[in-house]
Asks: 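I have a structure I would like to understand better, so I am pasting it below and will then ask my questions one at a time.
We name chains A, B, ... by the order of the sequence lines, and we start the count at 1 in each one.
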2 protein chains.
Amino acid sequence: MTTGASTPRALPAEYPEPLWAQARAALRTRIESGEVKPGSRLPPERELCRMLAISRVTLRKALTALVEEGALRPAHGRGWYVTTPERGDWPNTLESFSETARRMGLAATSRVLRSELGPSTLDEAEAFQIAPGTPVYRLDRVRMLDDVPIAVDESLLPAGVAEGFDDADFTTGSLYDILTGLGHRLAQADTTIEARPADAGLAGHLDIASGTPVLEMRQIVRDPAQRPLLSSTIRYAGDRYRLRTSFARGTGA
Amino acid sequence: MTTGASTPRALPAEYPEPLWAQARAALRTRIESGEVKPGSRLPPERELCRMLAISRVTLRKALTALVEEGALRPAHGRGWYVTTPERGDWPNTLESFSETARRMGLAATSRVLRSELGPSTLDEAEAFQIAPGTPVYRLDRVRMLDDVPIAVDESLLPAGVAEGFDDADFTTGSLYDILTGLGHRLAQADTTIEARPADAGLAGHLDIASGTPVLEMRQIVRDPAQRPLLSSTIRYAGDRYRLRTSFARGTGA
DNA sequence: AAGTGGTCTAGACCACCCC
DNA sequence: GGGTGGTCTAGACCACTTA
């Protein structure tokens with residue numbers, strides 16, 4: 001451990017995941033397994049360094065990453081503390097439908113309305129920066145909690161991104177999980193949110209009256225190279241769902 | 001520059017702002033002044049180190065911070081690029097009312113409905129973790145764009161936070177700007193968003209019909225020590241406003 | 001005063017991009 | 001191959017917290 005990155009170690013090479021990411025994973029596991037209880041203090045940095053056999057700079061990069069995930073919180077002269085689950089979750093991300101379901105102890109399922117490849121319209125082609133008519137994958141679903149319809153999700157993906165969807169189970173699976181499982185990396189999500197009245201079609205799917213307030217969220221998700229991976233419009237029945245998020249401004253670090 | 005943090009430098013001491021924050025400020029200035037144009041490449045890291053007279057680790061901390069602010073984007077073998085303003089803004093923050101106004105070239109103003117100190121209710125006291133009845137400051141405003149009413153903002157602050165509000169101008173000023181101007185540091189904002197029908201009072205203020213869809217956003221803003229600074233509920237006329245944000249997942253770094 | 005996080009440095013090797 | 005970012009180390013000093 002003297003000569004910089006020349007020692008990948010631990011992982012059997014191949015994808016030499018950075019040391020700090022390995023350390024982050026190790027710490028995350030310990031936290032999630034309950035080995036270190038919420039609210040309790042982590043061992044001092046210098047000791048963690050010895051335990052994980054990494055330098056302090058690298059360890060701190062892992063710890064900082066966990067802060068952004070909402071798992072840890074530093075306290076200057078006192079130590080690193082495990083966040084109480086109650087609050088401090090969902091930093092800089094919208095709570096996903098699946099996460100909401102889990103938090104409330106409900107079952108998240110979907111009814112697939114459409115799932116097919118088809119030519120893109122002008123607007124869609126522009127959004128994905130592809131030629132109009134290029135095939136895109138359409139996935140329309142009614143999302144439910146304990147069999148109560150909550151929202152209608154219309155998603156659109158470039159055909160290339162949707163390769164491997166044949167085996168996917170959209171009735172229970174999360175689209176995000178499926179995409180990351182296929183090796184896609186979601187880096188950024190541009191989002192707009194507004195309130196609108198439900199039109200007749202939407203009202204029918206959600207079993208509400210036409211004109212009822214609906215929360216409409218449009219997202220374009222991009223990969224680290226800024227390529228659009230997914231464009232989705234989700235319309236939630238106004239009295240059945242609430243978006244939650246927590247914006248952290250990282251006071252610097 | 002050989003012996004670690006023993007050389008605060010640059011700033012006349014007192015509050016020795018960290019070197020990486022100074023470097024971030026210097027780079028930010030250069031970008032905002034247009035000295036380095038959007039889309040263009042920054043000088044190589046090793047040269048920036050010489051120019052700013054800091055180590056590469058420190059420089060990279062500054063660069064990473066600017067990535068989270070949406071000002072820069074790294075490209076592995078190619079360099080650091082200034083983000084095109086068009087997109088890449090508003091990362092991990094809701095676009096504020098004032099920012100929206102600026103982007104659309106409209107004038108953001110407010111009509112103050114209430115601005116006074118009063119005893120807190122049970123719910124409010126609980127939210128702020130203070131004793132019920134402890135004074136809190138109430139600020140209710142109708143927010144307008146070019147004199148069209150867009151939203152009703154009901155804000156609530158612990159009395160201590162509101163000290164110095166006497167001189168503040170809420171008809172044109174942003175509450176966030178006023179708070180930061182008073183030295184408060186906003187670190188985290190827990191947010192929920194939902195769609196609801198307008199009640200009679202709200203409909204009157206916004207000049208819309210009762211029952212019209214309204215976007216309701218509730219926020220609790222905290223300082224770095226997790227103390228609540230501000231609790232606000234903003235209700236936007238559904239057909240006049242749209243929230244925008246961009247969630248960045250920093251692929252690790 | 002001792003313990004713990006926060007900042008900083010100099011130097012090294014690796015991985016990617018482009019010529 | 002040469003340039004550029006990405007990762008990593010060892011060691012040092014400072015600032016805050018607690019006793």
Asks: Using the side-chain contact (heavy atoms from CB on, under 4.5 Å) criterion, which residues pair with B:R242? Sequence neighbours excluded.
Replies: A:T192, A:E194

Asks: Could you list the residues that satisfy side chain to side chain donor-acceptor pair (under 3.5 Å) with A:S33, not counting sequence neighbours?
Replies: none

Asks: Between D:dA12, D:dT9, C:dT4, which nucleotide gets closest to the side-chain atoms of A:R41?
Replies: C:dT4

Asks: Given Watson-Crick or G-U pairs with both distances under 3.5 Å, what dot-bracket string fits DNA chain C, with | for other-strand pairs and [ ] for crossing?
Replies: ||||||||||||||||||.

Asks: Quickly work out the B:R46 CZ to C:dA10 P distance and round it to whole Å.
Replies: 14 Å

Asks: Just by modelled atom types, is the B:L156 backbone N or O under 3.5 Å from a matching donor or acceptor in the B:S231 side chain?
Replies: no

Asks: Report the nucleotide, chosen from C:dA10, D:dT4, C:dG6, that has the shortest atom-to-atom distance to any side-chain atom of B:S55.
Replies: C:dA10

Asks: C:dG6 P sits how many Å from A:L48 CG, rounded?
Replies: 13 Å

Asks: Can you run down the salt bridge (Lys or Arg N to Asp or Glu O under 4.0 Å) pairs that involve residues 117-127 of chain B, sequence neighbours left out, and say none if there aren't any?
Replies: B:E124-B:R138

Asks: So which protein nitrogen or oxygen atoms get under 3.5 Å of nucleotides 17-19 of chain C's nitrogens or oxygens?
Replies:
none

Asks: B:W20 CH2 to C:dG6 C1': how many Å, rounded?
Replies: 11 Å

Asks: Hey, which sits more toward the 5' end of DNA chain D by its nearest nucleotide, B:P43 or A:V57?
Replies: B:P43

Asks: Between A:T58 and A:L52, is the side chain to side chain contact (heavy atoms under 4.5 Å, CB included) condition met? List the steps.
Replies: CA-CA 10 Å; A:T58 305; A:L52 298 167; over 6 Å; no

Asks: If I take atom NZ in residue B:K61 and atom P in nucleotide C:dA10, what distance separates them, rounded to the nearest angstrom?
Replies: 17 Å

Asks: Of all the choices, C:dT9, D:dG5, C:dG5, which nucleotide is nearest to the side chain of B:I54 once you look at every atom?
Replies: C:dT9

Asks: Quickly work out the B:R60 CZ to C:dC8 P distance and round it to whole Å.
Replies: 16 Å

Asks: Specify the separation, in whole Å, of atom CZ of A:R50 and atom P of D:dG11.
Replies: 13 Å

Asks: With sequence neighbours left out, what residues match A:R46 under side-chain contact (heavy atoms from CB on, under 4.5 Å)?
Replies: A:R56

Asks: In whole angstroms, how far is the C1' atom of D:dG5 from the CG atom of B:L59?
Replies: 11 Å

Asks: Can you tell me if A:T58 touches the phosphate of D:dT9, counting only side-chain N or O atoms and a distance under 4.0 Å to OP1 or OP2?
Replies: yes

Asks: Among the candidates C:dT4, D:dT4, D:dC8, find the nucleotide nearest to the side-chain atoms of B:P44.
Replies: D:dT4

Asks: For A:R28, what residues pass the salt bridge (Lys or Arg N to Asp or Glu O under 4.0 Å) criterion, not counting sequence neighbours?
Replies: A:E69

Asks: Tell me every residue that passes ring pair (Phe, Tyr, Trp, His ring centres under 6.0 Å) with B:Y137, counting only those two or more places apart in sequence or in another chain.
Replies: B:F165

Asks: Not counting sequence neighbours, which residues clear salt bridge (Lys or Arg N to Asp or Glu O under 4.0 Å) with B:E47? List them please.
Replies: none

Asks: Please state how far atom CH2 in B:W80 lies from atom C1' in D:dG6, giving the value in whole angstrom units.
Replies: 9 Å

